[in-house]
Amino acid sequence: MSDRYEPQKIEKKWQAKWDEAGVDLPSEDPSDARKSYYCLEMFPYPSGNLHMGHVRNYCLGDVIARYKRMNGFNVLHPIGWDAFGLPAENAAIKHKRPPAEWTYHNIDQMRGQLKQLGLSYDWSREFATCQPEYYRWEQWMFIKLVEKGLAYRKEAEVNWCQPCHTVLANEQVVEGACWRCDTPVERKNLAQWFIRITDYAEELLNDLDKLSGWPEKVIGMQRNWIGRSTGTEVSFGVEGSEEVLDIFTTRPDTLMGVTYMAVAAGHPLAKRAAKSNSELAKFLEECSHISTKEADVALMEKKGMDTGFKALHPITGETVPIWVANFVLMSYGTGAVMSVPAHDERDHEFAHKYGIAIKQVIKPVDSEWNIQAAAFIEAGVLINSAQFDGLGSIDAKVAITEFLTSAGKGEERVQYRLRDWLVSRQRYWGAPIPAIHCDGCGIVMVPEDQLPVVLPEHLQPTGGASPLTECEEFVHVDCPKCGKAARRETDTFDTFMESSWYMNRYTSPHSDDAMVDAAAMKQWAPVDQYVGGVEHAVLHLLYARFYHKLMRDAGLFTSEEGGDEPFRNLLTQGMVLKDGAKMSKSKGNTVDPNSIIEKYGADTARLFTLFAAPPEKDLEWSDAGVDGASRFLKRVWRLMESADIKPAGEDDAAAVKALRLTIHTTIGRVTHAFEQGYAFNVAIAALMEMTNALSAFEPKGEKGVAVVREGLEALAAMLVPFVPHFACELGERMGMEKMAVVADWPAVDESALVQDEITLAVQIQGKRRGEITVPKDADQDAVMAAAESDASIAKWLDGMQIVKVIFVPGRLLNIVVKPA
RNA sequence: GCCGAGGUGGCGGAAUUGGUAGACGCGCUGGCUUCAGGUGCCAGUGUCUUCACAGACGUGCUGGUUCGAGUCCAGUUCUCGGUACCA
């Protein structure tokens, strides 16, 4: 049986065999004693073609799924499509075809590409999020959230892109401009739908501690994003009025140093002042066009205008001017701040510019400070603060907050940077928001029995407003409450909504009486291993964590059934680079997976992406490296063919023993690489080493042939996760009973690891001077004797006095000497 | 500015967690095979000294701990990611 290695042929063959045998399907039979394991990769957006980033992502997940199966787990490994989104609308405009058509076509194409890679998915669970059977539950959930007050509609300052005619999420604003048309975004007040993620801020923050299987980096980013800070809310009075001006500060100790207040351009007080002040109105208008580009923001000139209003200090009763400032954000805190130029750099700069007083109230513990030259922003001792004089900053924060609390003018408060999640989009290709606008009843949610609100799929976007707004059959509806003619909401959900719960839906993808089935959740959820790009560290991964808790609190499953967190372990893979840069069409440095599979086969493509870098690091594409991967497989192939020999002599017993040692240490090393953080590159390196050892060995007798066979069978099994088609073919040609993909993961034979003799390094003064071979149980004296009788070591001991000997059994002998 | 990760051959990267640095692969050099080779095989490949045998140096930099440090400690520098008028 001497054939060439023909990847295309054997890959097709094995894919068909796996399908036929159903080896990738998980079992839901309650009598199945295996432990459940849920492995998931971030599902793809059907953009049309698989790129190398996908290949890497899905290969990593597949390696884990296959490894777990071979280790006796009942593995759920599903796939589907994140099918709603903007690119479909862009393509629709370009090709003048509805986005649905483009999307379904792409799904068909990409499904074929995924299958070519030999990924072990349970395809029976596949779904696309643009199917009404899927998004109906999202609509159902949203209605529940509205009932609980966790979803609401309100007017807010949002990012607006005029040409695209929609609001954008912060993440869709790149350097101050729309990611699609590159037009600078405007801040606009619009009525939009939000979900109250801030209600869960505390739990989202605290539960980060439960995510021991997540990279520290991602946890840190989320913690940062949630941005918890503790401080004091203080109520200032407004002169000549009953109203109050609330502010949040983390530095209540500086309260006595307030010399002015600053409010955001969108603050009611600013708007009111502008009514009688055209100059100010102009300034507010200017502020609404401010770029949100980070660099600009940091460098932007700090500008302000006096509103003419005066605030009353809550302790002294003194009046201070209220200004509008372009650096105060309406969306953080109360949209107003107290300003203490003496102890805040920004306020200091502002006060200098506009000639506002600077009043020092904190001084360094034991030095002086020139407050006119620079703000003193550290903790210190209070001065000029009446009854609080002499207190340290920390004590003063408590004392002043207590004073305000008892006076009813303030209290301690926790403030988050996290904002409520804006989920409505003025887009067509998304899940309809199940709401109805009635002139008489206001906003009425669609009754449950009328779900789903199906998105008409035949509409043709043109680039302006969503075609939904002009689709009469969609918009016209009778009010469910009063029965009069009303209008459907034409906004659709942010597509992050769909990707926030798909991992749970996979546990019961066809359930039509519930969003998820609690029993299925109990069997599979949470995801044991999630694999995806770090670019979703905050957005998708935060939303999904949030949504999981929403589902739990909606009673869809309990903590015991589905967990409090959706993803137990997270592997964030690095990018695939070419010439040091991310692959992109515009840079022209892409490598097409199809052409690699065509030329080398899927197994080589898999092997290269897994070997070239550790999973979490960026991977530099190398054509030479792909050749190397291909060469390795050919080498194993030849080794397998040459192993088919008839023994005709006597083996070197020591060599046979040494080879068995190599085989079993390799099994240990590869297993260890899997268990210790998925070091697949190291695992493959170990398999290459073992292959080299097998190639170098020349069997002469029966024992030799048997040990080579033992090595090849172990190799076939351990290659399964990386190159499953190749491994199956290898196994079959070796005459293995079962398909390699369903074989057991090889076990280490401890007896093979026992050596009669071992080699120790010998050091003099900690420097390696030679090595000696001694019986495995040799004690220090015996090893010392062997070292002293070794010429290359003995010469270093000549004329020296031995001061100390360090003996590490099994490793080394270190002799410390000094001149005699 | 703040938070995080990291500096190991020509390159990607190993190092059992304080014990023989540079596994494995790529690249390169020489040789063999071949009509030919973008094939296969063999040998070599951290730097420097040396005909050789050997030896010295070597994990960003400076110190420290230790019989012994890529690994631990202190400081320093550079690179990369994230993030920011957040009050």
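Because the structure is predicted, anything quoted here is derived from the model rather than measured. Every chain is numbered from 1 and lettered A, B, ... according to where its sequence line falls, protein lines coming before strand lines.
Of all nucleotides present, only C78(B) satisfies the Watson-Crick or G-U wobble test against G6(B), with each distance under 3.5 Å. Shown here, C24(B) forms a base pair with G12(B); the pair counts as Watson-Crick or G-U wobble because both key distances fall under 3.5 Å.
In this model, no side-chain donor or acceptor of K804(A) finds a partner on the base of C67(B) within 3.5 Å. In the interface, the side chain of R228(A) is not paired with the base of C86(B) through any donor and acceptor atom under 3.5 Å apart.
For the P atom pair drawn from C42(B) and C53(B), the interatomic distance equals 24 Å after rounding to whole Å. G10(B) sits 14 Å from A23(B) when the P atoms are compared, rounded to a whole Å.
One atom, CD of E698(A), and another, P of C42(B), lie 11 Å apart when rounded to the nearest Å. Here C80(B) presents its P atom at 18 Å from NZ of K582(A), a figure rounded to the nearest Å. Rounded to an integer number of Å, the gap from Y416(A) OH to A87(B) P is 14 Å.
Side-chain N/O atoms of R635(A) include one lying less than 4.0 angstrom from OP1 or OP2 on G25(B). Of the side-chain N and O atoms in R417(A), one or more sit less than 4.0 angstrom from OP1 or OP2 of A84(B). In terms of phosphate contacts, N692(A) brings no side-chain nitrogen or oxygen within less than 4.0 Å of OP1 or OP2 of A23(B). Between R638(A) and C41(B), a side-chain N or O to OP1/OP2 separation shorter than 4.0 Å is present. The shortest distance between the side-chain N/O atoms of R631(A) and the OP1/OP2 oxygens of C26(B) is below 4.0 Å.
No engagement by K818(A) is indicated, since no non-hydrogen atom pair under 4.0 Å with the nucleic acid exists. W796(A) comes within 4.0 angstrom of the backbone, heavy atoms only, and of no base. Using a 4.0 Å heavy-atom criterion, one finds that V538(A) contacts no nucleic acid atom at all. G333(A) comes within contact range of no nucleotide atom at all, as no heavy-atom separation falls under 4.0 Å.
Considering only the side chain of A685(A), C24(B) comes nearest among A87(B), C57(B), C24(B). Across G55(B), C24(B), C86(B), the shortest atom-to-atom separation from the side chain of R346(A) is found for C86(B).
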- Task: Sugar-phosphate atoms are those with a prime plus P, OP1 and OP2; base atoms are the rest. Using that split, label each nucleotide of nucleotides 11-21 of chain B B, S or - for protein heavy atoms under 4.0 Å, 5' to 3'.
- Result: -BSS-B--BB-
